[in-house]
Amino acid sequence: MIVVEKTATQLKLRHRPYFVWLIASSLILGLPFLVLVVGSLLTWIFHLWWIPLLFLLTIAIGNFTLVCWGSVVTCTLDKQCDRLILKYHRGIFSKQIEYSLAEIRDVLIESRRWDGDIPLDFQIVFFLKNDEFLPLEGVSSTWQTHQETAHLIRAFLGLPQPNLFKG
């Protein structure tokens, strides 16, 4: 997540899945371009009846990839409005979730996948006072990046920093 805006009353963070966009654009543009290049060398390939279907299929798979895994997540913490606003933009679809900042009990880092004892995939989770939790869906990065972001959010909200090393 990158910090888009940080003022005394507002903190805005955004995550864009550039890797997913790269895969989808290579499906949408790369494979048809490759067929055109190969077709210029081997002209008989354009006489195959399934080539137009291949173009449509790659465009459909690329768009499906963008819609399912290419969501842009914007997290806005606004002290003036006392709101936590999470916006998920997936292609032409968008979803917005709002909570009061007073409902946030803690902000922690959670591992979504494990390989034995080693955590692999991380996300930031808002724990609410009504025992619900609100993960920042689609956000995955290194533990250090998430730790910095969680500390930034905790400092903005005035929550105590966790004591990870008890001695």
Side-chain angles (χ1 to χ4, degrees), residues 1-30 58-167:
M1 292 203 101
I2 60 167
V3 177
V4 176
E5 180 181 347
K6 183 179 185 225
T7 63
T9 59
Q10 191 176 55
L11 177 63
K12 186 181 263 189
L13 306 164
R14 182 173 294 139
H15 171 73
R16 291 188 175 167
Y18 292 114
F19 184 70
V20 173
W21 291 1
L22 181 66
I23 290 172
S25 63
S26 66
L27 280 173
I28 293 171
L29 302 172
T58 57
I59 290 171
I61 290 172
N63 286 328
F64 179 75
T65 303
L66 281 178
V67 169
C68 290
W69 297 288
S71 66
V72 176
V73 180
T74 305
C75 174
T76 305
L77 298 136
D78 194 342
K79 288 182 180 177
Q80 284 181 334
C81 300
D82 186 40
R83 303 308 289 164
L84 162 67
I85 304 168
L86 293 174
K87 293 181 184 177
Y88 300 96
H89 302 284
R90 290 187 170 135
I92 59 172
F93 306 108
S94 64
K95 178 173 89 170
Q96 181 170 319
I97 301 171
E98 292 189 26
Y99 285 95
S100 170
L101 291 179
E103 293 181 57
I104 299 173
R105 180 178 40 146
D106 203 357
V107 180
L108 297 173
I109 304 165
E110 176 183 75
S111 178
R112 294 189 287 188
R113 289 187 308 129
W114 292 78
D115 183 17
D117 292 338
I118 303 170
L120 296 176
D121 198 14
F122 302 97
Q123 67 183 0
I124 296 174
V125 180
F126 291 98
F127 287 92
L128 305 177
K129 291 182 179 174
N130 60 0
D131 292 332
E132 290 182 26
F133 60 94
L134 186 63
L136 289 179
E137 297 172 20
V139 179
S140 175
S141 187
T142 64
W143 185 81
Q144 290 85 5
T145 305
H146 281 311
Q147 183 182 26
E148 292 169 5
T149 305
H151 284 307
L152 179 69
I153 293 170
R154 273 195 216 101
F156 180 78
L157 294 174
L159 298 173
Q161 300 295 334
N163 186 6
L164 299 176
F165 303 105
K166 296 182 180 182

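Note that the numbering runs from 1 along the sequence shown for the chain.
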Note to self: A side-chain contact here means heavy atoms from C-beta on lying under 4.5 Å apart; do Asp106 and Arg154 qualify?
What the structure shows: yes

Checklist line | For Glu103, all residues meeting side-chain hydrogen bond (donor to acceptor under 3.5 Å, both in side chains), sequence neighbours excluded | finding: none

Note to self: Tell me the closest heavy-atom pair linking Pro17 and Ser71, and the distance in Å.
What the structure shows: CD-O, 3.3 Å

Notebook entry, point to check: Any sub-3.5 Å donor-acceptor pair from Arg14's side-chain atoms to Val72's backbone N or O?
Noted result: no

Next item on the list: Report the residues that fulfil side chain to side chain contact (heavy atoms under 4.5 Å, CB included) with Ile109, sequence neighbours left out, ordered by chain and then residue number.
Entry: Phe122, Trp143, His146, Gln147, Ala150

Item checked: Qualifying residues under side-chain hydrogen bond (donor to acceptor under 3.5 Å, both in side chains), relative to Glu132, sequence neighbours excluded -> Asn130

Notebook entry, point to check: So, are Asp78 and Lys12 salt-bridged, with charged N and O less than 4.0 Å apart?
Noted result: no

Next item on the list: Could you tell me which non-hydrogen atom of Phe126 sits nearest to which non-hydrogen atom of Cys75, and how far apart they are?
Entry: CZ-SG, 4.0 Å

Note to self: Lys129: which residues meet the side chain to side chain contact (heavy atoms under 4.5 Å, CB included) condition with it, sequence neighbours left out?
What the structure shows: Arg105

Item checked: Which residues share a side chain to side chain contact (heavy atoms under 4.5 Å, CB included) with Leu101, sequence neighbours left out -> Leu77, Lys79, Asp82, Leu84, Ile104, Leu157

Margin query: If the condition is side chain to side chain contact (heavy atoms under 4.5 Å, CB included), which residues does Glu148 pass it with, not counting sequence neighbours?
Written below: none

Note to self: So which atom in Ala24 and which in Gly62 form the shortest heavy-atom distance, rounded to 0.1 Å?
What the structure shows: CB-O, 3.5 Å

Notebook entry, point to check: How many angstroms lie between CG in Leu152 and CD1 in Ile124, if you round to the nearest 0.5 Å?
Noted result: 9.0 Å

Check: Is the shortest heavy-atom distance from the side chain of Leu86 to the side chain of Tyr99 under 4.5 Å?
Finding: no

